[in-house]
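Here the structure is laid out as structure tokens; the discussion comes afterwards.
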Amino acid sequence: MKKINVKNTYKLKIAGSPEEKIVDITQSEEYGVAPSRVKYIKPKVVVKIGDAVKIGSRLFFDKKNEVNEFLSPVSGTIKEIIYGDKRIIKAIVITSDNKDEKEKICDPLSINDIKEKSVADIRSIIQKGGLWSSFLEYPFNRAPDKDEIPPSIYVGLDNDEPFLPESHMFIKGHESEFLTGLSAIKRICKKTYLGMSVNCKVNDPSVRKEATHQLVGDYPANDPGVLLYYNKTSSDENKSWGIKAQDVIRIGMLLESGVYPNKRLITVSGNILKDACYAWVQDGIPVEAVLKGIDDFSKIRIIAGGALTGQKIDKEDYVSYRDFALQVLPEGREQEFLHFFKPGFHRPTVSRTYMSALLKDKEWEMNTSLNGGHRACISCGSCVAVCPVETYPQVTMKNLNVNDIETAMEQGVLDCVECGLCTYVCPSKIELDEIVTNAKNIIAKEVGK
Ligand code: SF4
């Protein structure tokens with residue numbers, strides 16, 4: 001196994017991590033899916049109000065990439081299709097019939113069966129099974145086109161962003177599905193690499209022996225895009241695909257059962273929750289049903305996903321196709337009087353401006369406050385010091401401000417893994433990751449992605 005020391009990573013010390021206990025939260029009368037929350041797609045809905053659906057029935061697909069399909073997590077009847085501004089489809093609401101009727105996607109397949117299947121068949125099952133968007137094609141992080149052949153596929157076993165589920169929690173009891181999913185991915189591309197953290201707590205030897213790389217570093221060392229950056233030997237590999245281990249398990253579940261896997265293990269975390277834990281939830285369950293203990297939603301922010309890369313959602317939303325975490329943070333609306341004249345033992349600091357820099361192992365009770373307003377870039381270099389793919393976010397931003405995309409590309413803008421660390425550490429509160437991602441999206445449009 002090759003060892004990689006990832007430079008420029010950062011350990012986020014946030015209080016409120018989930019306890020290692022698992023609860024089941026699967027019961028609701030209504031479920032929903034939100035096409036508007038799936039990035040970079042143009043959804044085309046194929047159901048109408050009153051239609052009966054089963055688990056695995058097609059609900060919508062991406063008009064730009066028709067093999068990217070999204071399936072129903074529940075059997076029942078389409079109750080409502082909710083549109084937002086500019087007719088974006090906010091949610092497709094389904095009333096459950098509690099019958100759990102399932103569409104058959106394929107015959108159940110073992111690892112040995114997968115060896116006998118053609119690559120075209122395996123791709124087609126994953127596409128029809130609604131899991132094609134588990135793959136992200138670099139550098140634009142879109143689901144791959146139908147016939148795209150990846151130069152290599154990078155699998156990330158571990159999550160190091162707070163508070164995505166830890167690998168030993170989601171692998172336990174699902175080793176077989178992980179190995180089945182991985183063998184299917186290896187059929188799609190022989191050059192499949194599995195990155196495992198040096199701190200990985202997975203004990204199962206059959207899983208550990210699949211790892212090709214051991215990654216040393218804090219967040220986001222275990223992002224598959226970071227492994228690609230360190231492992232690639234030519235620019236041809238820039239179009240590789242990435243996938244996370246939890247999605248590999250879902251592919252394994254689909255192949256082993258022949259039906260759409262409609263349950264997922266998520267973390268429910270945040271220092272204001274009494275019971276931060278892991279939960280098996282049914283896809284599409286209302287967020288409010290998962291966050292039952294909260295009385296006043298006006299004082300909190302709900303984030304679906306990791307602390308830096310997640311999306312802000314509302315209690316009326318549903319657990320969506322790409323959600324593996326729900327986090328709750330208090331809204332930080334209070335301003336602190338003359339805080340600059342205080343030693344700052346109570347505030348986290350990256351730039352060591354505050355005395356809290358001495359409290360190395362303290363976990364901080366974060367809220368949503370930026371702790372300051374937007375200012376001009378002071379060229380401090382904090383963003384450069386944390387960029388895991390060694391780009392220069394502050395310089396890139398200045399080039400992008402004058403529409404010099406070519407120079408930004410020369411500086412590696414397309415290597416950005418959208419980890420959000422540059423924004424987190426910026427003392428001028430500049431949304432650097434958003435600027436870089438917008439530039440990538442402009443380039444993506446130019447090349448027809
Ligand atoms: S540019 Fe910013 S968001 Fe992109 S990889 Fe570097 S630190 Fe992360």
Side-chain angles (χ1 to χ4, degrees), residues 5-14 39 136 138-141 156 159-164 215 217-230 238 242 303 305-312 327 329 332 347-354 357 364 366 368-444:
N5 286 301
V6 181
K7 288 188 254 173
N8 304 349
T9 59
Y10 188 75
K11 189 168 175 78
L12 290 149
K13 288 174 227 141
I14 306 177
K39 283 186 187 169
L136 292 181
Y138 297 116
F140 300 116
N141 291 352
N159 292 314
D160 29 33
E161 181 180 11
F163 290 112
L164 291 172
L215 294 148
D218 296 315
Y219 176 67
N222 286 284
D223 187 298
V226 173
L227 179 54
L228 161 65
Y229 175 76
Y230 275 85
N238 287 344
I303 297 165
L308 297 192
T309 59
Q311 294 173 318
K312 183 183 169 208
Q327 317 212 22
L329 284 176
R347 277 170 181 252
T349 178
V350 178
S351 56
R352 307 182 73 78
T353 311
Y354 297 120
W364 297 96
M366 300 277 190
T368 61
S369 171
L370 287 180
N371 290 318
H374 179 268
R375 293 184 296 261
C377 175
I378 52 170
S379 300
C380 64
S382 301
C383 54
V384 179
V386 293
C387 181
V389 291
E390 301 173 288
T391 72
Y392 298 86
Q394 68 185 51
V395 185
T396 303
M397 174 191 71
K398 287 170 189 168
N399 288 318
L400 294 172
N401 281 347
V402 292
N403 284 330
D404 188 354
I405 289 196
E406 252 170 53
T407 310
M409 281 174 71
E410 280 162 22
Q411 287 161 346
V413 72
L414 292 180
D415 284 327
C416 169
V417 294
E418 299 173 25
C419 67
L421 267 183
C422 46
T423 300
Y424 177 73
V425 301
C426 178
S428 293
K429 320 293 174 192
I430 300 170
E431 301 278 346
L432 286 157
D433 64 327
E434 205 176 294
I435 294 169
V436 173
T437 305
N438 286 344
K440 284 176 70 176
N441 289 341
I442 292 169
I443 302 165

Evaluate the side-chain proximity of [Y] to [X]: yes if any heavy-atom separation is below 4.5 Å, no if none is.
X: Pro427; Y: Ile378; value: yes
X: His374; Y: Ile430; value: yes
X: Met366; Y: Leu329; value: yes
X: Tyr219; Y: Leu308; value: yes
X: Val384; Y: Tyr392; value: yes
X: Pro388; Y: Val417; value: yes
X: Phe140; Y: Ile443; value: yes
X: Thr309; Y: Glu418; value: no

Measuring from atom [atom1] of [X] to atom [atom2] of [Y], what distance do you get when rounded to the nearest 0.5 angstrom?
X: Glu161; Y: Ile14; atom1: CD; atom2: CD1; answer: 8.5 Å
X: Thr407; Y: Asn399; atom1: OG1; atom2: CG; answer: 5.0 Å
X: Leu414; Y: Lys440; atom1: CG; atom2: NZ; answer: 6.5 Å
X: Thr9; Y: Leu421; atom1: OG1; atom2: CG; answer: 8.0 Å
X: Leu400; Y: Gln411; atom1: CG; atom2: CD; answer: 8.5 Å

TODO: Let me see the working for Tyr424 and Leu12 under side chain to side chain contact (heavy atoms under 4.5 Å, CB included), right down to the final yes or no.
DONE: CA-CA 10 Å; Tyr424 177 73; Leu12 290 149; 3.4 Å; yes
- [ ] Determine whether the side chains of Lys398 and Ser379 contain a donor N or O and an acceptor N or O closer than 3.5 Å.
- [x]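 Short answer, yes.
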I'd like to know if the side chain of [X] and the backbone of [Y] have a donor-acceptor N/O pair within less than 3.5 Å.
X: Thr396; Y: Val413; result: no
X: Thr423; Y: Leu432; result: yes
X: Gln311; Y: Gly305; result: no
X: Tyr229; Y: Asp415; result: no

What closest approach, in Å, do [X] and [Y] show between heavy atoms, and which atom pair accounts for it?
X: Asn8; Y: Cys387; answer: ND2-O, 3.0 Å
X: Ala221; Y: Asp160; answer: N-OD2, 3.6 Å
X: Leu228; Y: Tyr138; answer: CD2-CD1, 3.5 Å
X: Ser428; Y: Cys377; answer: OG-CA, 4.1 Å
X: Gly420; Y: Asp433; answer: CA-OD2, 3.7 Å

Task: Heavy atoms of other groups near Lys7 NZ, more than 12 under 6.0 Å - done: no
